[in-house]
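Structure first, commentary second.
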2 protein chains.
Amino acid sequence: MANPLENRFHADDIAQADHYLATDPPADLDPRVERLVNDLIGRIADKWTLLVLELLEEKGTLRFTEIGRQVEGISQKMLTQTLRQMERDGLLTRTVHPVVPPRVDYALTPLGNSLSAAFCGVWVWAERNLETVEAARVRFDARD
Amino acid sequence: MANPLENRFHADDIAQADHYLATDPPADLDPRVERLVNDLIGRIADKWTLLVLELLEEKGTLRFTEIGRQVEGISQKMLTQTLRQMERDGLLTRTVHPVVPPRVDYALTPLGNSLSAAFCGVWVWAERNLETVEAARVRFDARD
DNA sequence: TGCCGTAGTCACCCAAAGGTAAGAAATGGC
DNA sequence: GCCATTTCTTACCTTTGGGTGACTACGGCA
């Protein structure tokens with residue numbers, strides 16, 4: 001029952017989660033807020049966004065082509081698009097140096113850092129349970 | 001520099017993160033593992049999967065149509081698809097009762113519960129920073 | 001003179017995601 | 001005998017995501 005990962009969070013998060021889970025009646029929260037949260041999650045829980053977030057968290061400030069090189073498989077178009085969107089959402093800053101050839105630096109904002117931290121638990125989960133999931137798939141595919 | 005949220009995590013996670021970050025040479029981790037983790041994240045970080053995960057975590061066991069009713073906007077096709085995939089990944093169990101009309105119950109496995117817990121931080125983040133993101137967007141859209 | 005490198009934008013195209021709607025199977029109730 | 005109910009599956013179609021490759025601006029350098 002006791003989830004091995006739940007002590008991963010701050011006491012006040014736990015308190016909030018408890019509050020959230022404790023209300024037996026389905027009076028969760030304002031459905032408008034819930035919809036907004038869902039939208040936000042949908043926007044954020046995107047493959048490229050997560051990878052860029054991770055990379056910048058790890059490496060600090062990077063310029064466009066460096067990110068492109070290190071996020072494997074991303075096209076220039078998707079990189080631009082992802083960075084623009086993250087900038088719009090306030091997750092990173094884009095600093096243009098007026099030199100030639102152009103130089104643009106990207107770095108996470110505190111908001112971006114906090115999102116990265118929020119996702120840390122998910123990365124840890126994925127690392128830890130990779131093999132469990134793989135085994136489950138094999139089992140599922142084997143039965144008929 | 002010090003991330004205000006990093007004390008959110010376990011000591012061993014911090015140690016792991018430190019190890020991860022301390023290696024100045026780009027010898028992060030096995031690139032094969034990293035690719036697998038990225039794949040897994042990509043599969044899991046899906047809008048419908050997250051919503052179903054949340055719902056089942058909150059409500060316990062539910063049957064097909066109940067989930068369909070409560071996950072707003074999901075089509076029957078996507079619901080079936082999402083549930084099948086989650087079952088394959090070992091996140092939930094699907095119990096068919098051989099009655100007529102059919103009755104199928106869905107419930108999270110412990111693995112599903114642990115994933116839900118791992119995402120808890122993200123939901124909390126989204127709730128807390130909804131307005132910050134909204135404000136950032138307004139600011140971004142206003143400048144030209 | 002002309003090529004290089006950076007950080008894009010733009011136009012075009014294809015593949016995949018996802019919506020809609022119809023049908024299937026089985027049986028208790030009218 | 002027929003209809004409703006539930007959990008799907010399948011076929012078809014539209015929308016979106018995302019790749020590719022051409023193009024630009026600019027100054028330094030050969």
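Chain A is the first sequence line, chain B the second, and so forth, proteins listed ahead of strands; every chain is numbered from 1.
The side chain of F64(B) sits closest to dC8(D) out of dC12(C), dT9(C), dC8(D). Nearest nucleotide to the side chain of R84(B), out of dA11(D), dC8(D), dT9(C): dC8(D). Checked against dT20(C), dG19(D), dG8(C), the side chain of W48(A) finds its nearest nucleotide in dG19(D).
The distance between atom CD1 of I74(B) and atom C1' of dT7(D), rounded to the nearest whole Å, is 14 Å. The nearest whole Å value for the distance from the CE atom in M78(A) to the P atom in dT9(C) is 13 Å. Rounded to a whole Å, the CD atom of Q81(B) is 8 Å from the P atom of dA17(C). To the nearest angstrom, P of dT7(D) lies 11 Å from CG of L83(B). At whole-Å resolution of the value, CG in L62(B) and C1' in dT7(D) are 15 Å apart. In this structure, the NZ atom of K77(B) is 7 Å from the C1' atom of dA17(C), given to the nearest Å. Between R69(A) atom CZ and dG5(C) atom C1' there is a gap of 12 Å when expressed in whole angstrom units. To the nearest angstrom, C1' of dT16(D) lies 13 Å from CG of D46(A).
Dashed line: the shortest gap from a side-chain N or O of R94(A) to OP1 or OP2 of dA7(C) is not under 4.0 Å. Of the side-chain N and O atoms in Y106(B), none sit less than 4.0 angstrom from OP1 or OP2 of dT7(D). A close approach under 4.0 Å does occur between a side-chain nitrogen or oxygen of T65(A) and OP1 or OP2 of dA7(C). Distances shown here put every side-chain N or O of R63(B) at or beyond 4.0 Å from the OP1 or OP2 atom of dT6(D).
Partner V52(B) forms a side-chain contact (heavy atoms from CB on, under 4.5 Å) with one of L83(B), L108(B), L62(B) and no other, that one being L83(B).
Across all strands, Q76(A) comes closer than 4.0 Å to base atoms (heavy-atom distances).
Under the salt bridge (charged side-chain N to carboxylate O under 4.0 Å, His left out) criterion, D39(B) pairs with no residue at all, not counting sequence neighbours.
Remark: P101(A), P102(A), R103(A), V104(A) in residues 97-104 of chain A come within less than 4.0 Å of DNA chain C through at least one heavy atom.
Within 6.0 Å of CD in E66(A) there are more than 12 heavy atoms belonging to other residues, nucleotides or ligands.
Counting only heavy atoms from C-beta outward, the side chains of I41(A) and W125(B) never approach each other to under 4.5 Å.
Remark: side-chain polar atoms of S116(A) are not paired, donor with acceptor, to backbone N or O of G112(A) under 3.5 angstrom. Remark: the backbone N or O of T109(A) is paired with a side-chain donor or acceptor of N113(A) at under 3.5 angstrom.
The aromatic rings of F64(B) and Y106(B) sit tilted, their planes meeting at an angle between 30° and 60°.
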